Amino acid sequence: MPAPRNLIRTIPLHDLLAGRSRMWRLLGELVVAGLLALGILLAIVQQAAADSDQDKEEQSWRKDWDVSLGAGAIYKPKYQGADSYELNPLPSFDITWRDRVFVSARRGIGGTILSQEEGKGAGGGPVDGYSVGVALRPSESRDEDDDDRLDGLGDVDLSAEAGLFATLESGMFEFGAEIYQDVGDGHEGLHGSLSVEYKRPISERFMLGAEATIDFADEDYMESFFGVSSSQSGRSGLTTYDAGSRIYNLGVEISARYQISGGWSLYSFAGYGLLVGDAADSPIVEDEGAAEAGAFIVYTF
């Protein structure tokens, strides 16, 4: 199944551990959101089981499951608009059942509702394959202790967000769209992206990719990460600022995947994002442009 954007969720470890009261509230929110996701997944599993009953070919568990485990790190700005950087070590895991249900560091918890793979009836035109699905994943967060520039702004709590994603494949191009809503008490907003990716195999072991993205968000999301309220202004010394809903970031990225041997592979990427519009004009932002790079080693079995 083609993976949606945000290949690696970049939640710093200290954000996961900071604030006991926040964690108890977050646990309650995740239980509610998890029950909702579980209901969605059970419906997907039930449909998959029905499809499996119609298929007379027996499949082993190795054909049903795809499992990848690994680790790596990402070098990125401390927050959106920062001019200082940090290195975040991160785990990588991706468990998929029959190309339908997944639990992943990249995508959260979710599954595909509709899908068609190349060579199974999707061809005959410009479309080679497509997928539409739902997911529940950790939200973006920000701690005012991350950088001196954020002093007095308060935290944007880690929460959970639920949403939809869709991909469409045509030749070596993959077009993607996703939209997610905070379902807890984090940024409380709606945000998403549109993307187009070009993938080209160089050899049996080596794959190169290039991707361009456009990120957009509603007013709640923009106010959480780029706005400055009157109370925040009094505490931080920054001027008050209202950030409206709009496109806020343009990004490009190149990636490479190399199969080392057996099930081992190395994935790396480097990208550049440019804040635009109200995001770029925010007094919180120190640098409108941001580079980002990462590398992960993964074992698939």
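FYI, the numbering just counts along the sequence from 1. Nothing here was measured: the structure is a model prediction, and the numbers come from that model.
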Worksheet item: Quick one: are Glu223 and Asp242 in side-chain contact, heavy atoms under 4.5 Å?
Response: yes
Discussion item. Considering only residues two or more places apart or on different chains, which pairs with a residue in residues 193-216 satisfy ring-ring contact (aromatic ring centres under 6.0 Å, His included)?
Written reply: Phe173-Tyr198
Discussion item. Let me check something: do Ile109 and Trp97 share a hydrophobic cluster, defined by ILVMFWY side-chain heavy atoms less than 4.5 Å apart, either directly or through other members?
Written reply: yes
Worksheet entry | Smallest separation among heavy atoms of His191 and Ala217, with atom names | CB-CB, 3.8 Å
Worksheet, complete the sentence: When rounded to the nearest 0.5 Å, the distance separating CG of Asp66 from OG1 of Thr96 is 6.0 Å
Fill in: Pairs involving residues 261-284, ordered by first then second residue, that meet salt bridge (Lys or Arg N to Asp or Glu O under 4.0 Å) (sequence neighbours left out)
Arg246-Asp278
Item to complete: Output the rest of the hydrophobic cluster of Tyr75: all Ile, Leu, Val, Met, Phe, Trp and Tyr residues reachable through side-chain heavy-atom contacts under 4.5 Å, sorted by chain and number.
Response: Tyr85, Leu87
Worksheet entry | Leu150 and Tyr79, any side-chain heavy atoms less than 4.5 Å apart | yes
Worksheet item: What pairs with Ala135 under side-chain contact (heavy atoms from CB on, under 4.5 Å), at least two apart in sequence or on another chain?
Response: Phe102, Phe165, Tyr180
Worksheet item: Do Lys78 and Asp146 meet the salt-bridge criterion of a basic N to acidic O distance under 4.0 Å?
Response: no
Item to complete: Please list, chain by chain and in numerical order, all residues satisfying side-chain contact (heavy atoms from CB on, under 4.5 Å) with Leu69, sequence neighbours excluded.
Response: Val67, Phe93, Phe301
Practice prompt. Would you check, one step at a time, whether the test side chain to side chain contact (heavy atoms under 4.5 Å, CB included) holds for Thr112 with Val132?
Written response: CA-CA 6 Å; Thr112 56; Val132 178; over 6 Å; no
Worksheet item: About how many Å separate CG of Asp155 and CG of Asp143, when rounded to the nearest 0.5 Å?
Response: 4.0 Å
Response to the item:
When every non-hydrogen atom of Gly273 is compared with those of Asn249, the smallest separation belongs to C-OD1, 3.8 Å
Discussion item. Can you confirm whether Phe269 sits close enough to Ile254 that some side-chain heavy atom of one is under 4.5 Å from a side-chain heavy atom of the other?
Written reply: no
Fill in: Which residues share a side-chain contact (heavy atoms from CB on, under 4.5 Å) with Asp83, sequence neighbours left out
Glu286, Asp287
Discussion item. Any heavy-atom pair between the side chains of Ile179 and Leu190 that's under 4.5 Å?
Written reply: yes
Discussion item. Just by distance, no angles: are the side chains of Ser84 and Asp147 close enough, under 3.5 Å, to form a donor-acceptor pair?
Written reply: yes
Worksheet entry | Lys/Arg-Asp/Glu bridge criterion (N-O < 4.0 Å) met for Glu178, Arg137 | yes
Worksheet entry | Rounded distance (nearest 0.5 Å) linking atom CD1 of Ile74 with atom CG of Leu90 | 5.0 Å
Worksheet item: Do Asp182 and Ser159 have side-chain atoms, one donor and one acceptor, less than 3.5 Å apart?
Response: yes
Discussion item. Walk me through whether Glu253 and Glu211 qualify under side chain to side chain contact (heavy atoms under 4.5 Å, CB included).
Written reply: CA-CA 5 Å; Glu253 181 180 288; Glu211 183 181 29; 4.1 Å; yes
Response to the item:
dist Asp157:CG -> Asp185:CG (nearest 0.5 Å) comes out at 6.0 Å
Discussion item. Would you say CG of Leu250 has more than 12 non-hydrogen atoms from neighbouring residues, nucleotides or ligands within 6.0 angstrom?
Written reply: yes
Discussion item. When you compare the side chain of Ile284 with that of Arg142, does any pair of heavy atoms fall below 4.5 Å?
Written reply: yes
Discussion item. How close do Val285 and Ala279 get, counting heavy atoms only, and between which atoms?
Written reply: CG2-O, 3.1 Å
Practice prompt. Indicate, with yes or no, if Val252 and Val276 share a hydrophobic cluster defined by side-chain heavy-atom contacts under 4.5 Å among Ile, Leu, Val, Met, Phe, Trp and Tyr.
Written response: yes
Worksheet item: Which atom names give the shortest non-hydrogen contact between Ser92 and Phe296, and what distance separates them?
Response: CB-CD2, 4.0 Å
Using a 3.5 Å cut-off and no angle test, enumerate the donor-acceptor pairs between side-chain atoms of residues 225-238 and protein atoms at least two apart in sequence or in another chain.
residue: Ser229; atom: OG; partner: Ser231; partner atom: OG; Å: 3.2
residue: Ser229; atom: OG; partner: Gln232; partner atom: N; Å: 3.3
residue: Ser229; atom: OG; partner: Gln232; partner atom: OE1; Å: 3.4
residue: Gln232; atom: OE1; partner: Ser229; partner atom: N; Å: 2.9
residue: Gln232; atom: NE2; partner: Leu153; partner atom: O; Å: 2.7
residue: Ser233; atom: OG; partner: Leu238; partner atom: O; Å: 2.4
residue: Arg235; atom: NE; partner: Gly152; partner atom: O; Å: 2.9
residue: Arg235; atom: NH2; partner: Gly152; partner atom: O; Å: 3.1
residue: Ser236; atom: OG; partner: Gln232; partner atom: O; Å: 2.7
residue: Ser236; atom: OG; partner: Leu238; partner atom: N; Å: 3.2

Worksheet item: Distance from Ser115 atom OG to Asp99 atom CG, nearest 0.5 Å?
Response: 7.5 Å
Discussion item. Counting C-beta onward and ignoring hydrogens, is there a side-chain heavy-atom pair between Glu140 and Val156 closer than 4.5 Å?
Written reply: no
Discussion item. So Gln80 and Tyr248, do their side chains get closer than 4.5 Å, heavy atoms only?
Written reply: yes
Practice prompt. Could you tell me whether a side-chain N or O of Asp64 sits under 3.5 Å from a main-chain N or O of Arg98, the two making a donor and an acceptor?
Written response: no
Discussion item. Under a 3.5 Å threshold, yes or no: a donor from one side chain and an acceptor from the other, between Tyr267 and Tyr258?
Written reply: no
Item to complete: Not counting sequence neighbours, which residues clear side-chain hydrogen bond (donor to acceptor under 3.5 Å, both in side chains) with Ser170? List them please.
Response: none
Practice prompt. Taking all non-hydrogen atoms of both residues into account, name the closest pair between Ala105 and Pro91 and its distance.
Written response: CB-O, 3.9 Å
Practice prompt. Examine the side chains of His187 and Glu161 and answer whether a donor and an acceptor come within less than 3.5 Å of each other.
Written response: yes
Fill in: Arg149 side-chain N/O to Gly81 backbone N/O, donor-acceptor pair under 3.5 Å
no
Worksheet item: For Gly189, does its backbone N or O pair with a side-chain atom of Gln181 as donor and acceptor, under 3.5 Å?
Response: yes
Worksheet item: Side-chain contact, heavy-atom cut-off 4.5 Å: Leu168 with Val127?
Response: yes
Discussion item. I'd like to know if the side chain of Thr213 pairs up with that of Ser195 as donor and acceptor (distance under 3.5 Å, no hydrogens or angles considered).
Written reply: no
Worksheet item: Quick one: OG on Ser255 to CD on Glu197, what's the gap to the nearest 0.5 Å?
Response: 5.5 Å
Fill in: Ser265: side-chain hydrogen bond (donor to acceptor under 3.5 Å, both in side chains) partners, not counting sequence neighbours
none
Discussion item. According to side-chain contact (heavy atoms from CB on, under 4.5 Å), who are the partners of Ala295, at least two apart in sequence or on a separate chain?
Written reply: Ser268
Worksheet entry | Non-neighbouring partners of Arg205 that pass salt bridge (Lys or Arg N to Asp or Glu O under 4.0 Å), sequence neighbours left out | none
Fill in: Closest non-hydrogen atom pair, Leu275 against Ala280
O-CB, 3.3 Å
